[in-house]
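Working notes, structure below.
Just so we're clear, the structure is a prediction, and the values are computed from it rather than from any experiment.
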Amino acid sequence: MNSATAPPTFPLRVEGELSAELSRGLWLIKWLLIIPHVIVLVFLWIAFTVAAFFAILVTGRYPRAIFDFNVGVLRWSWRVGFYSYSALGTDRYPPFTLDDVPGYPARLDVEYPQSLSRGLVLVKWWLLALPQYLIVGVFAGGAMAIFNEANDDWAWTSGGGLIGCLVLIAGVVLLFTGRYPRSIFDFIMGMNRWVLRVVGYATLMTDAYPPFRLDMGGPEPTPGPTASGVTGPRPATGLS
């Protein structure tokens, strides 16, 4: 794919490398093995602060310390999801860290925005993202990034929906054949990538509107023209 036709990059990048050797039956008990991670992630997601909302509204900037923490929470969540029931892509146990782990087969990173629209922060996480929510709801069965009004935080999991169904099929195939169908993995990765891009947009990490595009496969698509300056649908005039 040449640079003229390559899809534009998105500020949030999701990678996943399917392990060459996977246990036939380990996936059956991974729900038990990830319990320590789930406990920690519950508290991390509670700490996933809404302070950035007010900072962006006033200054047009996402506080770097808060941004790095929130990216770390997303990164940790993706590693656990990739190990368990968002992909079953590896048997390597996820590390307990917010930092990037270059050698781990699942990675996530978000380009830090130098500035953000103060007006879009008011509407993009609920109004502008509504069409995306309908799609990722099909992918993740409504258990994706959902705003929890009781706790004023975001939480992302994936269980059920099309992702959950295909992961179950892949697990059954793996159980009986010892092989993970590559085509299913690529499709699962595309859906997870879509979901996480929407999470990044809805949690105000970027003004770049998530593309209506299923970028399948473990690696991100070949970089094309940057999407950093694409802000997607804009509200009525008066918002900057």
Side-chain angles (χ1 to χ4, degrees), residues 8-17 34 36-84 86-87 90 92-118 120-122 124-125 129 132 136 144-148 151-158 192-210 219-220 223 226-232:
T9 60
F10 190 74
L12 187 150
R13 298 179 61 80
V14 179
E15 306 275 353
E17 181 182 351
I34 64 171
H37 281 283
V38 172
I39 293 172
V40 175
L41 283 170
V42 166
F43 290 100
L44 289 177
W45 277 104
I46 291 174
F48 200 93
T49 178
V50 297
F53 174 91
F54 298 102
I56 297 168
L57 189 62
V58 174
T59 69
R61 294 177 63 87
Y62 204 121
R64 186 61 191 251
I66 297 176
F67 181 86
D68 290 343
F69 173 80
N70 290 348
V71 171
V73 175
L74 283 180
R75 184 180 288 135
W76 191 330
S77 300
W78 169 233
R79 285 194 297 253
V80 174
F82 188 79
Y83 169 79
S84 59
S86 289
T90 184
R92 181 176 170 186
Y93 199 69
F96 287 81
T97 178
L98 296 170
D99 296 332
D100 182 36
V101 181
Y104 195 77
R107 300 180 67 188
L108 180 149
D109 198 18
V110 188
E111 178 185 344
Y112 179 70
Q114 296 302 318
S115 63
L116 292 167
S117 168
R118 288 182 290 178
L120 283 177
V121 73
L122 296 170
K124 67 183 183 182
W125 57 272
Q132 297 283 355
V136 296
M144 18 57 76
I146 302 175
F147 188 66
N148 186 326
N151 296 321
D152 289 334
D153 63 15
W154 283 85
W156 178 77
T157 59
S158 182
N192 276 301
R193 185 171 286 120
W194 193 319
V195 170
L196 286 163
R197 286 172 177 174
V198 174
V199 173
Y201 178 76
T203 53
L204 314 178
M205 292 182 173
T206 179
D207 282 345
Y209 197 74
E220 283 278 346
T226 182
S228 299
V230 180
T231 57

So, the side chain of [X] versus the backbone of [Y]: is there a donor-acceptor pair under 3.5 Å, distance only?
X: R107; Y: G16; result: no
X: T59; Y: A55; result: yes
X: H37; Y: F96; result: no
X: W76; Y: D99; result: no
X: N192; Y: A87; result: no
X: R75; Y: L108; result: yes
X: D109; Y: R13; result: no
X: K124; Y: T203; result: no

Gap separating the [atom1] atom of [X] from the [atom2] atom of [Y], nearest 0.5 angstrom:
X: L122; Y: I56; atom1: CG; atom2: CD1; result: 10.5 Å
X: F54; Y: T49; atom1: CZ; atom2: OG1; result: 9.0 Å
X: R79; Y: L74; atom1: CZ; atom2: CG; result: 11.0 Å
X: M205; Y: F67; atom1: CE; atom2: CZ; result: 6.0 Å
X: L204; Y: I66; atom1: CG; atom2: CD1; result: 11.0 Å

Within a strict 4.5 Å, meaning less than it, do heavy atoms of the [X] and [Y] side chains meet?
X: P36; Y: V38; value: no
X: W78; Y: P94; value: no
X: L98; Y: D68; value: no

Step through the shown structure and confirm whether more than 12 heavy atoms of other residues, nucleotides or ligands are within 6.0 Å of CD on E15. yes

Which heavy atom of A208 sits nearest a heavy atom of F10, and at what distance? O-CE1, 3.2 Å

Nearest heavy-atom approach of T90 to Y83 is O-CD1, 3.4 Å

Please evaluate residues Y112 and V71 with respect to the criterion side chain to side chain contact (heavy atoms under 4.5 Å, CB included), reporting the C-alpha separation (whole Å), side-chain torsions for both, the decisive distance (0.1 Å), and the verdict. CA-CA 10 Å; Y112 179 70; V71 171; over 6 Å; no

Assess, by modelled atom type and distance only, whether the side chains of S77 and W45 contain a donor and an acceptor separated by less than 3.5 Å. yes

For T206 and L12: C-alpha separation, side-chain torsions, deciding distance, then whether side chain to side chain contact (heavy atoms under 4.5 Å, CB included) applies. CA-CA 8 Å; T206 179; L12 187 150; 6.0 Å; no

Does NZ or CZ of R92 come closer than 6.0 Å to the centre of the six-membered ring of Y104, within 45° of the ring's axis? no

How are the rings of Y201 and Y209 set to each other: parallel, tilted or perpendicular (split at 30° and 60°)? perpendicular

Looking at E220 and R193, is any side-chain nitrogen of the basic one under 4.0 Å from a carboxylate oxygen of the acidic one? yes

